[in-house]
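Taking it in order: structure first as structure tokens, then the write-up.
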Amino acid sequence: MAALDVMPASSSADPRRPLQNQKALVTGANSGIGEACALALGAAGAAVVVNYVSHPEEAERVVGLIRDQGSEAIALRADVSRENEVQAMFAEMIKKFGTIDVLVNNAGLQQDAPFQEMTLQQWATVIGVNLTGQFLCARDAVREFLRRGVVPAVSRAAGKIICMSSVHEVIPWGGHVNYASSKGGVMQLMKSMAQELAPKKIRVNSVAPGAIKTPINRTAWDTPEALTTLLKLIPDQRIGEPEDIANTVVWLASDLSDYITGATIFVDGGMTLYPGFATGG
Ligand code: NAD
């Protein structure tokens with residue numbers, strides 16, 4: 001085939017369901033961005049595992065919404081920072097769904113403190129969930145991708161991993177050094193995995209949200225004063241919605257992005273464009 005010939009973008013027969021016959025797992029999928037990703041992957045035709053660590057009723061609500069769209073879904077509990085719980089979750093997924101094609105490493109949290117007051121517990125908890133959790137889930141997903149290999153009727157890749165990063169993989173964040181360090185770590189975890197695994201047809205990318213309206217950052221948007229302060233940081237002049245992230249995740253999971261690996265897509269309304277310099281600096 002000549003270099004400029006166009007390859008079929010997706011192996012799915014229905015372009016509205018580009019993830020038909022694929023199995024996806026979204027961590028922290030009973031709230032916010034993870035919930036939106038799980039719903040969007042389901043709408044794109046994937047069978048979805050809705051991972052949660054607390055509030056099973058919220059996970060079952062998301063499962064019900066995915067089933068209403070005509071896709072399979074199950075809820076599985078696991079704390080992503082615990083190796084044995086992650087391994088049990090993947091074993092259960094493979095038992096129920098047969099395999100995994102898409103992992104969305106989304107679970108994350110903040111435990112903020114001034115630097116001199118930050119406890120080791122706060123540091124370790126945030127690194128444990130946001131960074132080690134992504135390592136543990138990615139490792140089990142990659143083991144299954146390698147075991148199964150490429151199935152051309154399903155996807156051109158053996159597997160796709162999408163890491164939920166943050167603009168704070170590049171923007172330093174005082175008062176949140178554990179969080180910014182975890183996301184800086186996610187950047188190198190993602191890129192190093194992408195480099196190592198590309199020859200095996202495993203794609204690894206990140207989505208880096210700016211300010212998205214979810215429970216994690218409620219104090220930044222739930223009063224008019226807070227929102228006005230926040231919008232000074234966003235050239236697009238609006239706070240993001242979870243669906244802004246979910247749409248990008250579905251595209252990264254699909255064959256439409258088959259030649260993309262090792263990339264961070266910033267979905268941030270321009271937050272990383274140094275808006276303070278817009279008027280000359
Ligand atoms: P959220 O609080 O609504 O969702 C976080 C999810 O992670 C919840 O479902 C929570 O239960 C889950 N979780 C936490 N600890 C867990 C654990 N140990 N095991 C399994 N699940 C766990 O917040 P969100 O905004 O939807 O955050 C989702 C991701 O997006 C996080 O990684 C966050 O860092 C990232 N992010 C969010 C924003 C934003 O503005 N909202 C910006 C940048 C990055």
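Ligands are counted one by one from 1 in listed order, and the atoms in each one are counted from 1 as well. Residues take their numbers from the sequence shown, with the count starting at 1.
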Which residue and heavy atom of the protein sit nearest atom 23 (O) of ligand 1, plus the separation: I216 CB, 3.3 Å
Return the closest protein heavy atom for atom 25 (O) of ligand 1 as residue, atom name and distance. T214 OG1, 2.5 Å
I'd like to know if E92 and R77 make a salt bridge, using a cut-off of under 4.0 Å between side-chain N and carboxylate O. no
Give, for atom CG of L65 and atom CD of E35, the distance between the pair rounded to the nearest 0.5 Å. 7.0 Å
For atom 17 (C) of ligand 1, which of the options T27, T132, D79, V86 provides the nearest non-hydrogen atom? D79
Hey, what's the ring geometry for H168 with Y179, parallel, tilted or perpendicular (30° and 60° as the breaks)? perpendicular
Under a heavy-atom criterion of less than 4.0 Å, does S54 contact ligand 1? no
Please verify whether a non-hydrogen atom of K183 lies at under 4.0 Å from ligand 1. yes
Fit a plane to each ring of H176 and W173, take the angle between them on a 0 to 90° scale, and name the class: parallel (under 30°), tilted (30 to 60°) or perpendicular (over 60°). parallel
Using a 4.0 Å cut-off to any heavy atom of G32, which atoms of ligand 1 qualify? 3 (O), 26 (O)
So do the side chains of R139 and L136 get within less than 4.5 Å of each other, counting heavy atoms only? yes
In terms of atom number and element, which parts of ligand 1 are under 4.0 angstrom from non-hydrogen atoms of P215? 3 (O)
Is the closest N or O pair between G28 and ligand 1 shorter than 3.5 Å? yes
For a 4.5 angstrom cut-off between non-hydrogen side-chain atoms, does F266 reach V170? yes
Regarding ligand 1, does V53 bring an N or O atom to under 3.5 Å of one of the ligand's N or O atoms? no
May I ask you to check whether S166 has an N/O atom sitting below 3.5 Å from an N/O atom of ligand 1? no
Is it the case that ligand 1 has an N or O less than 3.5 angstrom from some N or O of N130? no
Considering heavy atoms of the protein only, find what lies nearest to atom 32 (O) of ligand 1 and give residue, atom and distance to 0.1 Å. N106 O, 2.8 Å
Suppose we measure from atom 37 (C) of ligand 1 to each protein heavy atom; which comes out shortest, and what is that distance? I33 CD1, 3.6 Å
Ligand-side contact atoms (ligand 1) for residue partner M164, heavy atom cut-off under 4.0 Å: 29 (C), 30 (O), 35 (C)
Considering both backbone and side-chain atoms of S81, is one of its nitrogen or oxygen atoms within less than 3.5 Å of a nitrogen or oxygen in ligand 1? no
Would the distance check show the side chain of N217 and the main-chain N or O of A211 forming a donor-acceptor pair, the cut-off being under 3.5 Å? no
Measure the distance from atom 14 (C) of ligand 1 to every protein heavy atom, then report the residue, atom name and distance (to 0.1 Å) of the closest one. G108 O, 3.8 Å
Any N51 heavy atom less than 4.0 Å to ligand 1: yes
Does G34, backbone or side chain, put an N or O under 3.5 Å from an N or O of ligand 1? no
Is the closest heavy-atom distance from Y179 to ligand 1 below 4.0 Å? yes
Quick one about R203 and S257 (side-chain donor to acceptor, distance below 3.5 Å, no hydrogens or angles considered), yes or no? yes
So is A78 touching ligand 1 or not, going by heavy atoms under 4.0 Å? yes
Shared ILVMFWY cluster between L189 and V104, side chains joined below 4.5 angstrom? no
Side chain to side chain donor-acceptor pair (under 3.5 Å) with N130: of S81, S165, S182, S181, only one passes, and it is S182
Ligand 1 to A211, heavy atom cutoff 4.0 Å, flagged ligand atoms 40 (O)
Look at D258 together with R156 and state whether they make a salt bridge at an N to O cut-off of under 4.0 Å. yes
Under the 4.0 Å line, does any protein heavy atom show up next to atom 10 (C) of ligand 1? no
When you measure from atom 38 (C) of ligand 1 to every protein heavy atom, which one gives the shortest distance, and what is it? G210 O, 3.9 Å
Once rounded to the nearest 0.5 Å, what's the spacing between atom OG1 of T264 and atom NZ of K191? 6.0 Å
Give the residue, atom name and distance (to 0.1 Å) of the protein heavy atom nearest atom 4 (O) of ligand 1. S31 OG, 3.9 Å
Is G240 in contact with ligand 1, taking contact as a heavy-atom separation below 4.0 Å? no
Looking only at atom types and distance, does a side-chain atom of N178 sit under 3.5 Å from a main-chain N or O of Q122, one as donor and one as acceptor? yes
4.0 Å heavy-atom contact, G133 with ligand 1: no
Going by distance alone, is a donor N or O of one side chain under 3.5 Å from an acceptor N or O of the other, for N106 and T27? no
Just need the protein heavy atom nearest to atom 13 (N) of ligand 1, so name the residue and atom and give the distance. A107 CB, 3.9 Å
Answer yes or no: is there an ion pair linking K96 with E72, defined by an N-O contact shorter than 4.0 Å? no
